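What follows is one structure encoded as structure tokens, with my remarks underneath.
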Amino acid sequence: MLLTSENYYSREANEEYLSVSQYKDFMGTYGKPGCEEYALAKLNGTWVEAMEDSTALMVGSYVDAHFEGTLDLFKAQHPCMFKKDGNLKAEYVKANEMINRCERDALFMQYMSGEKQVIMTADMFGAKWKIKIDSYHPGKCIVDLKTCQGIKKIFPHHDIGFLNFLGEWGYYIQGAVYQKVVEINTGKKLPFFIAAISKEKVADIELIAVEQSLLDEALTEVEHNTPAILMLKNGEIKPIRCEVCDYCKATKVLTKPIWSSELIGEV
Ligand SMILES: [Zn+2]
């Protein structure tokens, strides 16, 4: 199927194409473990997540919609953002402040001034992939806008040490896939940047260049994991349940008691 902004997130599009967000649902990131059964349930529509349930997602989408030029439509589609008196709720007033902060910075706006929400597809590692670029500067660079809790926030992990927010939320994977799909389409390997804006009391902004070595490393990981995801999507292998995500909690069926010593798993 030919992808458009109307059908990009449709079930049919998600069935035919693999996306970075699907990949992360299956494989997880350091910040959110993957769950194969949850990822498949989302794809086949038996598990539906409403964006309105997550203020973090809503604020991120609000800021995205502004830069995409579709904020009026977004407001009309999400009346939950407004108080009874018709004014925006505090978190979206805050989102407006974040947007204003970005717009006060000439370089930030220059990076965000590319072609908006550019859709591309490519065959890669045996799968058909789809991507949607926030700000695409043909022949120059790929820019993705990210809202985060704090740009310098560190995420501790007992096994691998400290991660920044890019590593925590799988943005190296996103950058790697976007760069490769653009390269397959245009023959040009472009640098990948994150235009970051924090949700702190005083919003912080940054333009972050992603090192090529880290993108290469992430792409190798994607290449390694893609065949298994395809087999799961095709129903050729049985999905594994993570038993920790909301989907697994909601669909859990008890078969026997567990020992109290099992309550603390491997930490
Ligand atoms: Zn799960």
Side-chain angles (χ1 to χ4, degrees), residues 3-5 8 19-21 56-75 88 91-122 129-153 164-216 218-219:
L3 294 183
T4 64
S5 55
Y8 185 85
S19 65
V20 170
S21 70
L57 277 185
M58 281 293 291
V59 168
S61 299
Y62 183 99
V63 175
D64 282 342
H66 168 82
F67 282 99
E68 196 186 332
T70 56
L71 189 54
D72 287 340
L73 178 66
F74 187 80
K75 283 179 177 171
L88 278 172
E91 49 270 36
Y92 304 103
V93 172
K94 172 74 203 163
N96 279 336
E97 287 169 18
M98 290 159 63
I99 290 165
N100 291 338
R101 180 65 193 90
C102 298
E103 291 184 333
R104 273 203 285 129
D105 192 274
L107 193 62
F108 193 101
M109 293 309 285
Q110 194 185 319
Y111 276 72
M112 284 308 297
S113 70
E115 294 172 25
K116 302 288 168 20
Q117 304 301 324
V118 175
I119 294 169
M120 286 190 197
T121 61
W129 287 80
K130 58 169 179 157
I131 65 167
K132 205 179 194 191
I133 306 171
D134 284 343
S135 175
Y136 175 49
H137 299 260
K140 292 194 186 117
C141 68
I142 302 160
V143 184
D144 199 76
L145 178 69
K146 293 291 183 206
T147 52
C148 61
Q149 291 164 297
I151 291 169
K152 302 253 168 93
K153 181 172 176 172
N164 60 32
F165 80 96
L166 283 76
E168 183 76 1
W169 304 117
Y171 299 157
Y172 292 115
I173 288 165
Q174 182 183 359
V177 169
Y178 279 32
Q179 183 185 58
K180 194 67 190 176
V181 170
V182 169
E183 189 186 352
I184 291 169
N185 277 273
T186 66
K188 291 194 174 121
K189 190 180 192 118
L190 303 183
F192 179 76
F193 295 92
I194 297 277
I197 168 90
S198 83
K199 291 182 258 192
E200 291 156 304
K201 188 154 162 275
V202 176
D204 195 8
I205 55 172
E206 197 59 84
L207 290 163
I208 305 163
V210 181
E211 293 81 353
Q212 189 56 44
S213 59
L214 298 175
L215 294 174
D216 292 344
L219 195 67

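Everything quoted here is computed from the prediction, not taken from an experiment.
Side-chain contact between Met58 and Tyr92 is present, with heavy atoms from C-beta onward closer than 4.5 Å. With contacts defined as side-chain heavy-atom distances shorter than 4.5 Å, the pair Glu206/Ser198 does not qualify. Between Lys153 and Glu168 the shortest side-chain heavy-atom distance does not fall below 4.5 Å. Counting heavy atoms from C-beta outward, Glu103 and His66 have side chains that approach closer than 4.5 Å. Asp64 is not listed as a side-chain neighbour of Phe74, based on a closest heavy-atom distance of 4.5 Å or more. Between Ile194 and Phe165 the shortest side-chain heavy-atom distance falls below 4.5 Å. Two residues are said to be in side-chain contact when any heavy atoms from C-beta on lie closer than 4.5 Å; Ile119 and Thr4 fail this criterion. With a 4.5 Å cut-off on side-chain heavy atoms, Val118 and Val182 do not count as touching.
Summarising the geometry, atom CZ belonging to Arg104 is positioned 7.5 Å from atom CD1 belonging to Ile205; distances are rounded to the nearest 0.5 Å. Distance NZ/Lys180 to CD1/Ile131: 12.5 Å, rounded to 0.5 Å. Note: Gln179 CD to Lys189 NZ = 5.0 Å, rounded to the nearest 0.5 Å.
The backbone N or O of Lys132 lies less than 3.5 Å from a partner atom in the side chain of Tyr178, making a donor-acceptor pair. A distance-only check finds a donor-acceptor pair linking the side chain of Asp134 to the backbone of Leu145 [under 3.5 Å]. At least one donor-acceptor pair closer than 3.5 Å links the side chain of Lys130 to the backbone N or O of Tyr8.
Within a 6.0 Å radius of NZ in Lys188, other residues, nucleotides and ligands contribute 12 heavy atoms or fewer. The 12-atom threshold is exceeded at CD of Glu200, counting heavy atoms of other residues, nucleotides or ligands nearer than 6.0 Å.
Contact between Ser113 and Ser135 at its shortest, heavy atoms only, is N-OG, 3.7 Å. Taking each heavy atom of Leu190 and His137 in turn, the nearest pair found is CD1-O, 4.0 Å. Closest approach of Thr147 to Gly60, counting heavy atoms only: OG1-CA, 3.5 Å. The heavy-atom pair separating Ala196 from Ile151 by the smallest distance is O-CD1, 3.8 Å. Summarising the geometry of Asn185 relative to Ala122, their closest heavy-atom pair is ND2-CB, 4.0 Å, with the distance given to 0.1 Å. Closest heavy-atom contact between Leu107 and Asp105: N-OD1, 3.2 Å.
With sequence neighbours excluded, no residue satisfies side chain to side chain donor-acceptor pair (under 3.5 Å) with Glu115. For Lys146, the salt bridge (charged side-chain N to carboxylate O under 4.0 Å, His left out) test picks out Asp144, with sequence neighbours left out. Under the side chain to side chain contact (heavy atoms under 4.5 Å, CB included) criterion, Lys116 pairs with no residue at all, not counting sequence neighbours.
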Could you check Arg101 against Phe108 for side chain to side chain contact (heavy atoms under 4.5 Å, CB included), going step by step and ending with a plain yes or no? CA-CA 10 Å; Arg101 180 65 193 90; Phe108 193 101; over 6 Å; no

Yes or no on side chain to side chain contact (heavy atoms under 4.5 Å, CB included) for Trp129 and Met120, after CA distance, side-chain angles and deciding distance? CA-CA 8 Å; Trp129 287 80; Met120 286 190 197; over 6 Å; no

Please walk me through it: do Tyr62 and Ile99 pass side chain to side chain contact (heavy atoms under 4.5 Å, CB included)? CA-CA 10 Å; Tyr62 183 99; Ile99 290 165; 3.9 Å; yes

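Between Glu91 and Lys94 there is no salt bridge, since none of the side-chain N atoms of the basic residue sits less than 4.0 Å from a carboxylate O of the acidic one.
Under the ring-ring contact (aromatic ring centres under 6.0 Å, His included) rule, Tyr111 has a single partner from Phe192, Phe67, Phe193, which is Phe193.
A donor-acceptor contact under 3.5 angstrom links the side chains of Tyr172 and Asn164, judged on distance only.
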